[in-house]
Amino acid sequence: MTASEKAKAKTEQATGKVKEAAGHAVGNERMVAKGHAEQAVGKARETKEKIKDAGKH
């Protein structure tokens, strides 16, 4: 996994968690949904990179 892609995936996941928590705190369901979506994108990116790494070995 390239370092930049790994960092991007982790950043997306962390940002998503923050948005989700903020949405819950203020009662904004749209923000909660955006947080969930951003976490999913980060997890998908991380999985894609892990698969690419596994193919190299």
Side-chain angles (χ1 to χ4, degrees):
M1 184 182 310
T2 64
S4 64
E5 288 295 315
K6 183 178 181 180
K8 195 175 205 179
K10 293 295 182 185
T11 300
E12 286 171 338
Q13 291 175 29
T15 304
K17 286 180 184 181
V18 170
K19 284 182 183 178
E20 181 183 356
H24 281 298
V26 298
N28 185 335
E29 289 302 314
R30 181 176 284 169
M31 188 180 289
V32 171
K34 285 183 179 182
H36 278 290
E38 201 159 331
Q39 288 179 63
V41 169
K43 288 177 184 176
R45 183 183 310 278
E46 184 175 31
T47 301
K48 177 188 82 170
E49 290 300 316
K50 285 182 180 180
I51 290 169
K52 283 173 41 179
D53 284 349
K56 293 178 183 178
H57 297 285

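Source: prediction; values computed, not measured.
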According to salt bridge (charged side-chain N to carboxylate O under 4.0 Å, His left out), who are the partners of Lys10, at least two apart in sequence or on a separate chain?
Glu46
Residue pairs involving residues 17-37 (criterion salt bridge (Lys or Arg N to Asp or Glu O under 4.0 Å); sequence neighbours excluded):
Lys19-Glu38
Tell me every residue that passes side-chain contact (heavy atoms from CB on, under 4.5 Å) with Thr11, counting only those two or more places apart in sequence or in another chain.
Thr15
For Val41, what residues pass the side-chain contact (heavy atoms from CB on, under 4.5 Å) criterion, not counting sequence neighbours?
Glu12, Arg45
Can you confirm whether Lys48 is buried at NZ, in the sense that more than 12 heavy atoms of other residues, nucleotides or ligands lie under 6.0 Å from that atom?
yes
What is the minimum heavy-atom distance between Gly42 and Ala9, and which atoms define it?
O-CB, 3.5 Å
